[in-house]
Amino acid sequence: MSNLQYSNKDPLHTSVQYVKGVGPHLASMLANRGIYTVFDLINHFPARYIDRRRIDSIRDASPGPDRTIIAEVVTSGIGYLGKKRSRIFEVIAKDETGIISAKWFHFHPKFMTGRFKKGARVLFAGDMTEYNGIKQFVHPETEVLGDEDSPELGGKLLPIYPSTEGISQRMFRKIIRNAWDKYSPEIRDSFSEDFIKKNNLMGLKSAAEFLHIPPNETDVDLLNSFRSAAHRTIIFTEFFFLELALAMKRARLAAEDGISFKFDQAIHEKFLAALPFTLTDAQSKSISQIIADMSRPHPMLRLLQGDVGSGKTVVGLACALQAVANGYQTAFMAPTEILAEQHYNTISKLLENMRIPCALLTASIKGGLRESIYKGVKDGSIPILIGTHAVIQEDVSFAKLGLAIIDEQHRFGVLQRQALQKKGTNPDILVMTATPIPRTLAMTLYGDLEVSILDQLPAGRKPIVTKIYRDKDREKLYHGMSIELEKGHQAYLVYPLIEESEKVDLKNATEMAEQLKLVFSPKYRVELLHGRMKSDEKETIMRDFKEGRVNILAATSVVEVGVDVPNATVMVIEHAERFGLSQLHQLRGRVGRGNDQSFCILMCGAPPSEEGRLRLNIMVETGDGFRIAEEDLAIRGPGEFLGTRQSGLPEFKLADLMRDSGILQIARQTAFEIVTEDPRLELPKNRRFAEEIKQKGRLELSKVA
Ligand code: ADP
Ligand code: MG
C-alpha cells in the first residue's frame with residue numbers, strides 16, 4: 001500500500017527508469033521488487049538504520065556491532081584458514097593507534113587485490129570482533145577514500161533498505177536520493193493541517209524525508225524501534241486509508257436495501273425444545289445479535305467466530321429458521337462434502353420433528369435426486385439447502401434466498417458477495433470461522449464485518465488432557481489408546497505430510513498405519529486416510545469412522561477441519577513439533593467434543609527447535625483458542641498465520657500489524673468516526689480522502705468483496 005498522494009498525470013507516476021542513475025537493467029531489478037514508479041521508490045522505506053556517525057580510532061574501538069574506522073592498507077592477499085584450508089582474503093590496515101584485520105570468505109580475488117592496494121585509505125564498517133588480540137571485521141562494508149572524497153559511509157546515520165538483493169545499499173541510497181531531489185516537491189499531503197495536528201502526525205513529505213534522510217542528530221534507537229514521529233505518520237496513514245475503505249464499505253452496505261426479518265418467537269421456542277441440550281450463554285447471545293442484525297432493513301454481513309467445538313452449527317441453524325419463518329430460504333455452505341454431509345445429518349435430524357424440509361446438494365448427488373432438489377429449491381418447497389459452495393455457483397436458482405451461511409470461511413478464500421446477491425435480493429450473510437482471529441488481524445482482514453464471538457464451550461466439556469511424549473513412550477501410548485478403545489471410544493492418529501518430503505512422509509505414514517494394525521488388529525479396525533486417495537475412497541473411510549465402523553483413523557495432516565465425531569477421545573499427533581500452533585489446536589479440537597475425557601498426545605520425534613518446544617508447551621498449557629491464535633500470530637507473523645498469499649491481507653510498506661497494533665486501533669477509530677459522520681465523504685474537509693480512496697482502488701482491499 002502506498003501513501004503519498006498522486007494524480008494520474010502526476011510526475012510521481014514517472015517510471016523509475018527516468019530517475020538519474022537508473023538504467024534499464026536496474027529498472028528491471030527494481031520491478032522485480034514491485035518498484036515501478038518514482039512513487040514506489042519513495043515509498044520504499046528503510047528497514048533499519050546504522051549509526052556511522054562515530055568514527056573510532058582502532059585503539060578506542062571496542063568490539064561490538066556497527067563499528068566504523070578509517071585505516072591505511074598495510075598488506076592484503078589470499079590466505080588459508082583452519083583444518084579445511086578455507087580460502088580467505090585478508091586485509092591488514094593501520095592507523096596511528098593500532099592495526100586491524102578484515103577478512104572475506106567469499107570474494108573475487110582480482111577485484112579485491114585491485115581494491116585494497118598498499119597505502120589505500122579505507123573506511124571499514126561492520127561488526128567488530130577480537131581474535132587473538134587483534135581487532136577484526138568479517139565481511140565489512142568498505143569504502144576506499146580518495147583525497148577529497150568525503151566518506152559516504154562515515155559520519156552519517158545510514159538507512160538500510162529492505163529486499164535490495166542484487167542492488168547495493170549504496171546504489172539504493174543514491175537513486176532514492178536522486179528521486180527525492182527531483183520529485184519530492186510534487187508530494188502532497190493527504191491530510192489537512194488540522195488533522196495532522198489533531199492526530200499528532202507530521203506532513204507526509206517531511207515524514208518521508210526524515211525516514212530516507214534522517215537528520216544527523218536523530219536518536220538511532222528511536223528510528224530502529226519504528227517509534228519516530230515520521231514512522232508513526234507513515235504507519236498511521238497506511239492503516240487509516242485501509243480502515244477508511246473498510247468503514248465506507250460497511251456504511252455502503254448499511255445503506256443498501258435488504259430484508260427485514262421479523263423475529264418469530266414460536267419457531268425459536270420450538271427449536272430450543274427440539275435441541276437435545278441447552279444453548280450456552282455465548283450461543284444465546286450470538287443468536288440474539290445475529291437475529292437483531294437480520295431484523296434491520298439492510299443486508300447483514302457478519303462474522304461468527306468461535307473456537308473449535310463451541311457449537312457454531314446450531315447458532316447458524318437458529319438463524320436459518322428465522323429466515324424460514326419469514327418465508328425465505330437459507331443456503332448453508334461448507335467447504336467439503338464431508339462437512340456438508342455432517343451439517344445435513346445434524347440439521348435434518350433436528351428439523352424432522354419441526355417438519356421443516358431440508359436438502360443436501362454436493363457433487364456426489366446426481367441424476368433424478370439432483371433434479372428434484374433443483375426443482376424444490378426453485379419452487380421454494382425446500383427452504384434450507386445445505387451443501388458445498390456449489391450451491392450458489394451452479395445452476396441452482398432459489399425461489400427466495402434470504403440468508404447465506406458460510407462455514408469455515410477461510411477455506412473458501414475470497415467470497416464473492418455478488419454471486420450471492422444474484423441468487424437473491426441482497427440476502428443476509430453469516431460467515432462462520434473456527435480459527436479464532438486475533439483482534440488486530442480481524443480489524444484489517446474482516447474490518448468491514450460485524451463480529452459475534454462464541455467464547456464459551458458447551459457445559460460438561462472437560463479440558464483435553466494434553467501430553468508431550470517421546471518415541472520411547474510409544475508403549476505407553478499404545479497402552480493408553482487401548483484403554484480408550486476398550487471403552488468403545490475411537491482414536492485419530494495424524495502424521496504430518498509436508499510437500500518437500502511428501503514421498504518419504506507418505507511412506508512413513510503408511511508404515512505407521514501398518515504398525516498400528518499389527519498392534520490393534522483384528523480386534524480394532526485401523527484405516528489410513530491420505531490426500532492421494534480417490535475422493536470416494538476417502539469419503540467411505542471418513543463415513544465408516546464417523547459411524548463407528550473404523551476404530552482408529554490414521555491420517556496424514558489434515559483430518560477435515562470441523563469433523564465432528566464426539567465418540568473419538570484420542571488424538572495422537574506424530575512429529576507434533578512440525579505443526580504450527582493453530583493447526584495443532586484445530587487437530588486437538590477433533591476430540592473433546594462429547595462429555596468424555598479426551599486426550600491429545602503430542603509425539604515429539606527429534607528434539608524440537610526452541611520454537612517447536614515453545615509451541616508444544618503452549619499446547620499443554622492452554623486450550624483457549626484465542627490465546628493460541630495470539631501466540632501463533634506472534635510467532636509466525638500475519639502472512640504465515642493466515643497460511644497463504646491469497647489471505648487477502650493488504651501489503652503494508654512500513655506498518656506491521658503486531659508491532660503497530662496501537663496505531664492501528666487509533667487509525668481505525670479515526671476512520672470510522674469520519675465515516676459515521678460523513679458516510680460518502682462528501683463534506684469539503686473529507687473530499688481529499690474520497691479522492692485518494694478512489695485513486696487507489698482501496699475499496700477492493702478487503703476479502704469479502
Ligand atoms: P463447531 O463450532 O466446531 O463447528 P459444532 O457446531 O460442530 O462445533 O458443535 C460441536 C458439538 O457440540 C456438536 O456435536 C454439537 O451437537 C454439540 N453442541 C453444540 N452446542 C451445544 C450445547 N450448547 N451443549 C452441548 N452440546 C452442544
Ligand atoms: Mg463447525
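As the structure lists them, so they are numbered: ligands from 1, and atoms in each ligand from 1.
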Would you kindly say whether T280 and Q283 are connected by a side-chain donor-acceptor distance under 3.5 Å?
yes

If you look only at distance, which donor and acceptor atoms sit under 3.5 Å apart when one is on a side chain in residues 296-306 and the other is two or more places apart or in another chain?
from : atom 1 : to   : atom 2 : distance (Å)
R296 : NH1    : D293 : OD1    : 2.9
H298 : ND1    : A254 : O      : 2.8
H298 : ND1    : E256 : O      : 2.7
H298 : NE2    : A254 : O      : 3.4
R302 : NE     : D293 : OD2    : 2.9
R302 : NH1    : V451 : O      : 3.4
R302 : NH1    : S452 : OG     : 2.8
R302 : NH2    : D293 : OD2    : 3.3
Q305 : OE1    : I437 : N      : 2.8

Is it the side chain (CB and beyond), the backbone, both or neither of M432 that lies under 4.0 Å from ligand 1, heavy atoms counted?
neither

Tell me if the NZ atom of K270 is crowded by more than 12 foreign heavy atoms within 6.0 Å.
no

Can you find an N or O of Q342 that's nearer than 3.5 Å to an N or O of ligand 1?
no

Would you mind finding which of K312, Q586, R461 brings a heavy atom closest to atom 11 (C) of ligand 1?
R461

Which atoms from ligand 1 have a heavy atom of T278 less than 4.0 Å away?
22 (C), 23 (N), 24 (N)

At what distance, to the nearest 0.5 angstrom, does OG of S348 lie from CD of E341?
10.5 Å

Element-labelled atoms of ligand 1 that are located less than 4.0 Å from some non-hydrogen atom of S310
2 (O)

Side-chain contact, heavy-atom cut-off 4.5 Å: F672 with R668?
yes

Any atoms of ligand 1 less than 4.0 Å from a non-hydrogen atom of T313? List them with their elements.
4 (O), 5 (P), 6 (O), 7 (O)

Does the N or O separation between F277 and ligand 1 drop below 3.5 Å for any pair?
no

Heavy-atom contacts under 4.0 Å between T280 and ligand 1: side chain, backbone, both, or neither?
both

Sequence-distant partners of K366, side chain to side chain donor-acceptor pair (under 3.5 Å), two or more places apart
none

Considering the heavy atoms of G309, write down every atom of ligand 1 situated less than 4.0 Å from one of them.
1 (P), 2 (O), 3 (O), 8 (O)

Has ligand 1 got any nitrogen or oxygen that is less than 3.5 angstrom from a nitrogen or oxygen of V308?
no

Give me the one residue out of L602, L584, L616 that meets side chain to side chain contact (heavy atoms under 4.5 Å, CB included) with F579.
L584

